[in-house]
A.B. asks: 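Below you will find the structure I want to go over with you.
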Number of protein chains: 2
Amino acid sequence: MSSHAARTGSGPGQGESRQDAILDAAERVFAADGYQGAAMRAIAEAAGVAQGLIHYHFKTKEKLFEAMVVRRSGQINERRAALVADLFAHGDPPRLEQIVEALFRPTIETGLDLARDGGAFARILVSFANSADPRDQRLIEIHYDPIAQTFIEALMRIEPGLSRADAVWAYMFAIGVGMTMMAKTGRPKRLSGGVCDDGDAEAMLSRIVPFICGGVRALVEE
Amino acid sequence: MSSHAARTGSGPGQGESRQDAILDAAERVFAADGYQGAAMRAIAEAAGVAQGLIHYHFKTKEKLFEAMVVRRSGQINERRAALVADLFAHGDPPRLEQIVEALFRPTIETGLDLARDGGAFARILVSFANSADPRDQRLIEIHYDPIAQTFIEALMRIEPGLSRADAVWAYMFAIGVGMTMMAKTGRPKRLSGGVCDDGDAEAMLSRIVPFICGGVRALVEE
DNA sequence: AAATCCTGACTGGGCGATCAGTCAGGATTC
DNA sequence: GAATCCTGACTGATCGCCCAGTCAGGATTT
């Protein structure tokens, strides 16, 4: 019964390959248990494959993690870049609010519309974006610094009063605020007696966007 | 050479006890390797004690971690509460900027003036404050939610236009921005070509405070 | 001498990684 | 067209290592 099928053609796969199943499982287990806490055995079980197969395809735990990051960050950052490019493609310059929205929407939508992981990748992103570990920072540098520069330049373009240093800080702070949304700790609900829900991405965005824009404009005025 | 001395008095220790040495070492190792990645052996070695002694004093790894959190969060949050109380003790209401500064200064000063750990606890705080793990959230709830409520109420007092929900979000976002400072990833330096330094807490605070205040005021105006 | 502090050897278990071997099916040979 | 060869996907048992935690007993304090 456990057919070897899935990848029907001979060329580049179509349909859900076993490799994709492993990456999906890795996303869930890494999100739930952290990098160190995630066991290759647990990932194999979640993917419904033998543990050996993960090593066959990805060689090591570290490379599996990187492959997982590459897949999702590629999807998300291509979408982000496209949104920003669109905003500047037309005659009139975009509003700051639109830039900030372009920064976050792809992340939450990629986390949500796949649905099978419930924002698992976002949680992984939170923990390793904040890591000082050189291994994690290398991944950030390769896969996230380029899109960061795109946004930093976008900020400078529409807010000419912003120095490059200010724009870098503004970007970092914006990401920090976004972490609040992606971490999904449940703390806002606790602190507010149930009113605030960090599971409702849309409601959060409607607060995050004005908050960040207000912060950026305050830096401009300094 | 390796005297067993250290604790000179008889009662509750004065001077650096072995327990404190273990907690200091735990702070450094947990910060460097994460909770799962930190080995009791490594902590024992860093503290210069036998591994068995850690279990003698703290019983389990989890309880050691909690003891470490309790010690520092106690120091930091008492200072934070005192600062906020001071701000409201006098006739005229404080400025929003002063509240935000009271929120962060104790954390960076407790992280820095002990100097022996170079902000190790701040980094631990970042990783477990963002954790969705119930074990971590329980610690946050017990040791950080009360002071959070204090700040949320302070925000509402000086910005009457802020609803409770807005104040909770504002607090969460502020903490998110503060994470940027505490994580010390080195990313700002990379993104800015060396101009921005997340190791310079004073320089960061001078940007963080206006950014957050601008964000809060933007929420008020909505 | 009682109590507390402390050590270092030890244990069982879980870890990442390895590897010999199975299997399906495409290519090659006759 | 059938026997052979070959390859890439996959399994499950296994390895050596390191982990948190234990414990018997030595050292030190009171």
Side-chain angles (χ1 to χ4, degrees), chain A residues 1-30 32-68 133 135-136, chain B residues 1-30 32-68 133 135-136:
Chain A
M1 38 181 61
S2 70
S3 71
H4 289 184
R7 192 158 66 165
T8 50
S10 64
Q14 69 206 68
E16 163 94 329
S17 69
R18 305 268 253 167
Q19 296 205 29
D20 281 327
I22 291 169
L23 290 174
D24 291 340
E27 219 167 81
R28 276 178 274 134
V29 178
F30 278 132
D33 303 337
Y35 179 79
Q36 305 266 13
M40 296 294 273
R41 282 178 167 79
I43 295 171
E45 194 174 356
V49 303
Q51 192 197 340
L53 184 62
I54 304 182
H55 290 284
Y56 173 78
H57 281 306
F58 300 99
K59 203 70 186 166
T60 68
K61 187 183 186 181
E62 189 169 332
K63 284 175 181 150
L64 168 64
F65 184 81
E66 176 158 8
M68 183 204 70
D133 183 334
R135 214 181 49 82
D136 295 331
Chain B
M1 36 186 69
S2 71
S3 71
H4 288 185
R7 190 158 66 168
T8 52
S10 64
Q14 71 207 62
E16 163 93 329
S17 69
R18 304 267 251 171
Q19 296 205 28
D20 282 327
I22 291 169
L23 290 174
D24 291 340
E27 220 167 79
R28 275 176 275 135
V29 178
F30 278 132
D33 303 336
Y35 178 79
Q36 306 264 10
M40 296 295 273
R41 279 181 167 77
I43 295 171
E45 193 175 356
V49 303
Q51 190 196 340
L53 185 62
I54 304 182
H55 289 285
Y56 172 76
H57 282 306
F58 300 100
K59 204 66 187 171
T60 68
K61 188 184 187 180
E62 189 169 333
K63 284 176 181 151
L64 168 65
F65 185 82
E66 177 158 7
M68 183 205 68
D133 183 336
R135 214 182 49 82
D136 295 331

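Reminder, nothing fancy here: chain letters follow the sequence lines and each chain counts from 1. The structure displayed is predicted, hence computed values, not measured ones.
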A.B. asks: Report yes or no: is there a donor-acceptor pair, N or O only, under 3.5 Å between the side chain of B:Gln51 and the base of D:dG21?
C.D. replies: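 Result: at least one qualifying N/O pair found.
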A.B. asks: For the side chain of B:Lys61, counting heavy atoms from C-beta on, which of D:dG21, C:dC15, D:dC10 is nearest?
C.D. replies: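 Output: D:dG21.
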A.B. asks: Could you tell me how far apart B:Ile22 (CD1) and C:dC6 (P) are, to the nearest whole angstrom?
C.D. replies: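 B:Ile22 atom CD1 is separated from C:dC6 atom P by 8 Å.
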A.B. asks: Give the ring-plane orientation class for B:Tyr35 versus B:Phe30, where under 30° counts as parallel, over 60° as perpendicular and anything between as tilted.
C.D. replies: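 B:Tyr35 and B:Phe30: parallel rings.
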A.B. asks: In whole angstrom, give the distance that lies between atom CG of B:Leu53 and atom P of D:dG26.
C.D. replies: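 So the two atoms are 18 Å apart, to the nearest Å.
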A.B. asks: Rounding to an integer number of Å, can you tell me how far A:Glu62 CD sits from C:dC15 P?
C.D. replies: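 Between P of C:dC15 and CD of A:Glu62: 19 Å.
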A.B. asks: Between B:Arg18 and C:dC6, is there a side-chain N or O to OP1/OP2 distance below 4.0 Å?
C.D. replies: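 So the side chain of B:Arg18 is within the cut-off, an N or O lying under 4.0 Å from OP1 or OP2 of C:dC6.
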A.B. asks: Between A:Gly52 and B:His55, which is nearer to the 5' end of DNA chain D once each is assigned its nearest nucleotide?
C.D. replies: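 Its nucleotide being nearer the 5' end, the pick is A:Gly52.
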A.B. asks: Provide, to the nearest angstrom, the distance between the CE atom belonging to A:Met40 and the P atom belonging to D:dC10.
C.D. replies: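 Interatomic distance, CE of A:Met40 to P of D:dC10: 15 Å.
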A.B. asks: Should we say atom CD of B:Gln36 is surrounded by more than 12 heavy atoms from elsewhere, each under 6.0 Å from it?
C.D. replies: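 Count over threshold, so yes.
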A.B. asks: For B:Ala38, which contact category applies under a 4.0 Å heavy-atom criterion: base, sugar-phosphate, or nothing?
C.D. replies: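 The answer is sugar-phosphate, as B:Ala38 gets under 4.0 Å only of primed atoms, P, OP1 or OP2.
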A.B. asks: Could you state the OH-P distance from B:Tyr56 to C:dA9, rounded to the nearest angstrom?
C.D. replies: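 Between P of C:dA9 and OH of B:Tyr56: 21 Å.
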A.B. asks: Which atom names give the shortest non-hydrogen contact between A:His55 and A:Thr60, and what distance separates them?
C.D. replies: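 Result for this residue pair: ND1-CA, 4.4 Å.
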A.B. asks: Picking from C:dT7, D:dG12, D:dG21, which would you name as closest to the side chain of B:Thr60?
C.D. replies: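 Ranking C:dT7, D:dG12, D:dG21 by closest atom to the B:Thr60 side chain puts D:dG21 first.
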A.B. asks: Report the distance from atom CD of B:Gln36 to atom C1' of C:dG16, rounded to the nearest whole Å.
C.D. replies: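 For the pair B:Gln36 CD and C:dG16 C1', the rounded distance is 15 Å.
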A.B. asks: For the residue pair B:Asp33 and A:Asp133, establish whether any side-chain heavy-atom pair is separated by less than 4.5 Å.
C.D. replies: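 Heavy-atom side-chain distance check fails, nothing below 4.5 Å.
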A.B. asks: Which atom pair, heavy atoms only, marks the closest approach of A:Ala47 to A:Ala21?
C.D. replies: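 The answer is CB-O, 3.7 Å.
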A.B. asks: Rounding to an integer number of Å, can you tell me how far B:Ile43 CD1 sits from D:dG21 C1'?
C.D. replies: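 Distance, rounded to whole Å: 13 Å.
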A.B. asks: Could you tell me how far apart B:Glu45 (CD) and D:dA20 (C1') are, to the nearest whole angstrom?
C.D. replies: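 Nearest whole value for this atom pair: 16 Å.
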A.B. asks: Looking only at N and O atoms, is any donor in the side chain of A:Arg41 or the base of C:dG14 less than 3.5 Å from an acceptor on the other one?
C.D. replies: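 Answer no: no donor N or O sits under 3.5 Å from an acceptor.
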